[in-house]
Amino acid sequence: MLTLEMILDAQAALKGVARVTPLNPAKKLGKNVYIKSENLQLTGAFKLRGAYNKIRSLTPEERGRGVIACSAGNHAQGIALSATKLGIKSIICMPAGAPISKVEATRNYGAEVVLVPGVYDDAAAEAARLTEEKGYTFAHPFNDELVMAGQGTIGLEILEQLPEVEQVVIPIGGGGLIGGVACAIKSLKPDCRVVGVQASGAASMYISQKQGHPVELPGVSTIADGIAVKRPGNLTFELCAKYVDEIVTVKDDEIATAILALMEDQKTVAEGAGATPVAAVMFGKVDVTDKKTVCLVSGGNVDVTTLSRIITKGLSKSGRIAEFSAKIADKPGSLLGLLQIVANTGANILSVSHAREDKHSDVGACIVSMVLETRNPQHVDDIERELSSNGYELLFK
């Protein structure tokens, strides 16, 4: 079982390899809220810590055969960089849908990448097959004490940087990060609460803890690809049961809103998995009223094309973008009248679509669809109310 001594040993080994990442107040998220920025780690995520600690522990024979891993991207980059640094061959099995930026970064760190159709668990199955066939050493991304010991060094840093911390909020995928960090924190400060956060579309640890044993989900679906894991590890399950006080879930639109808030308020880029603790705080899943709380932003490796869609989703969730469709008479001046009312509300019109042939329209009427830039949810409600009071039939938002 993972011990504090193993984590302290990993901390010594990681000096000069992994960065001590900053921990700063995030006043716009709450007066008691702080951000631990593992998105500023080398490779852009915390995974380097556990990956290096695992690979530096290999025997000479294991180093000679090479190392293999499976990952949605961050563990892949950590293994690739660590193996290259230590002169070891690395093969990484990645889900075919992994962000292109993560795939290319993994290759650039020196690994041979094998893309596997499906999600993380499918990549894991292929890695297991290749391990058996080629004799590689398998470096599990979370269900490994050496990997968890490396991740646990973050807990030591949090206690050093903010000794008065009372609560730490941590993403959960397979459970390696929270297992290591929780072990470190609870061993040194037992009264500090540890809260885990999962995406509601990939809540394997949440469901497993409720049922009392590791459960495999039939499928997962979330924008937080880094924590899209069908089944937690048996070791990580035990550590969560022992050290984690609570696990909560957040929806994808809440994660998107948190990514947007981190960009605008904290001037930092987080990937979906990394933003889940902030989403939990923003949407009241975790009480931070009277507790000094650290949100562990675990990574920032988000593909720019994905980021643009996430930003749009976040703007919609926070009432900064709204979509309206209204029925108007098909005669001169009708469109102008509608747009004038919208303009008078202070909304900025981003796009307009005017359709005569629509399943919702009557003969002599047409449908106008608009995308508007708005201030907040109250502004959206005000626009809807103003249009309705002027006799416009709103078909959907």
Side-chain angles (χ1 to χ4, degrees), residues 2 6-7 9-21 38-59 62-63 65-95 98 102-114 120 123-124 127 130-131 136-157 171 173-181 183-184 225-227 229 233 235-236 271 273-274 296 298-301:
L2 180 66
M6 293 172 67
I7 299 172
D9 181 59
Q11 185 180 46
L14 286 168
K15 285 182 179 178
V17 176
R19 291 173 178 160
V20 175
T21 52
E38 278 296 297
N39 57 318
L40 301 181
Q41 186 55 262
L42 289 170
T43 74
F46 74 97
K47 290 283 192 177
L48 171 66
R49 297 172 183 263
Y52 186 85
N53 194 50
K54 172 67 177 179
I55 291 182
R56 61 115 184 170
S57 305
L58 298 180
T59 66
E62 289 171 331
R63 293 185 179 209
R65 289 194 298 269
V67 64
I68 189 169
C70 57
S71 171
N74 289 334
H75 181 62
Q77 293 174 62
I79 290 290
L81 177 60
S82 299
T84 299
K85 194 176 186 69
L86 294 169
I88 301 170
K89 176 184 177 181
S90 62
I91 300 90
I92 310 295
C93 295
M94 304 181 72
K102 292 185 179 182
V103 174
E104 290 306 308
T106 302
R107 287 194 175 112
N108 291 338
Y109 284 127
E112 175 188 333
V113 174
V114 178
Y120 161 78
L130 289 172
T131 299
Y136 303 132
T137 296
F138 180 62
H140 199 283
F142 52 83
N143 203 45
D144 183 296
E145 286 97 340
L146 290 168
V147 170
M148 287 188 280
Q151 324 304 25
T153 60
I154 301 170
L156 300 180
E157 287 181 18
L177 174 61
I178 196 169
V181 174
C183 178
D225 61 282
I227 53 174
V229 178
L235 300 178
T236 60
E271 60 190 87
L296 203 172
S298 57
N301 292 321

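Just so it is clear, the model here is predicted, and its values are computed rather than measured.
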Exercise. Mark yes or no for whether Asn53, through its side chain, and Val147, through its backbone, hold a donor-acceptor pair below 3.5 Å.
Key: no
Quiz item: Hey, what do you get for CD (Gln151) to CG (Leu2), rounding to the nearest 0.5 Å?
Solution: 10.5 Å
Quiz item: To the nearest 0.5 Å, how far apart are CD1 in Ile88 and OG1 in Thr137?
Solution: 9.0 Å
Quiz item: Do Thr153 side-chain atoms and Gly150 backbone N/O form a donor-acceptor pair below 3.5 Å?
Solution: yes
Quiz item: Can you tell me how far the OG atom of Ser57 sits from the CD atom of Glu145, to the nearest 0.5 Å?
Solution: 11.5 Å
Quiz item: Which distance, rounded to the nearest 0.5 Å, do you find between the CG of Asn301 and the NZ of Lys102?
Solution: 5.5 Å
Practice problem: Would you check if Phe142 and Met148 make a side-chain contact, meaning some heavy-atom pair closer than 4.5 Å? | Solution: no
Quiz item: Does the distance from a Lys or Arg side-chain N to an Asp or Glu carboxylate O, for Arg56 and Asp9, drop under 4.0 Å?
Solution: yes
Quiz item: Is Thr43 reaching over with its side chain to a backbone N or O of Gln77, donor-acceptor style, under 3.5 angstrom?
Solution: no
Practice problem: Compare all side-chain heavy atoms of Leu296 with those of Ile154 and state whether any distance is below 4.5 angstrom. | Solution: yes
Exercise. Test Ile92 against Val114 for side chain to side chain contact (heavy atoms under 4.5 Å, CB included), laying out the working first.
Key: CA-CA 6 Å; Ile92 310 295; Val114 178; over 6 Å; no
Self-check item: Tyr109 backbone acceptor or donor facing Thr84 side chain under 3.5 Å
Solution: yes
Quiz prompt | side chain to side chain contact (heavy atoms under 4.5 Å, CB included) evaluation trace for Asn39 with Ser298 | solution = CA-CA 6 Å; Asn39 57 318; Ser298 57; over 6 Å; no
Quiz prompt | Heavy-atom check, side chain of Ile68 versus side chain of Ser90, under 4.5 Å | solution = no
Quiz prompt | Rounded distance (nearest 0.5 Å) linking atom CD of Gln11 with atom CG of Leu156 | solution = 4.5 Å
Quiz prompt | salt_bridge(Glu157, Arg49) N-O dist < 4.0 Å | solution = yes
Quiz prompt | Residues Tyr136, Val67; criterion side chain to side chain contact (heavy atoms under 4.5 Å, CB included); working and verdict | solution = CA-CA 5 Å; Tyr136 303 132; Val67 64; over 6 Å; no
Quiz item: Side chain of His75, backbone of Ala139: donor and acceptor closer than 3.5 Å?
Solution: yes
Practice problem: Verify whether one side chain among Glu38 and Thr21 offers a donor that lies under 3.5 Å from an acceptor in the other. | Solution: yes
Practice problem: Examine the side chains of Asn74 and Glu271 and answer whether a donor and an acceptor come within less than 3.5 Å of each other. | Solution: yes
Exercise. Answer yes or no: is there a side-chain heavy-atom contact under 4.5 Å between Ser82 and Leu48?
Key: yes
Quiz item: Do Tyr52 and Leu86 come within less than 4.5 Å of each other through their side chains, counting heavy atoms only?
Solution: yes
Quiz item: Looking at CD1 of Ile79 and NZ of Lys54, how far apart are the two atoms once the value is rounded to the nearest 0.5 Å?
Solution: 8.5 Å
Self-check item: Lys47 side-chain N/O to Ser71 backbone N/O, donor-acceptor pair under 3.5 Å
Solution: no
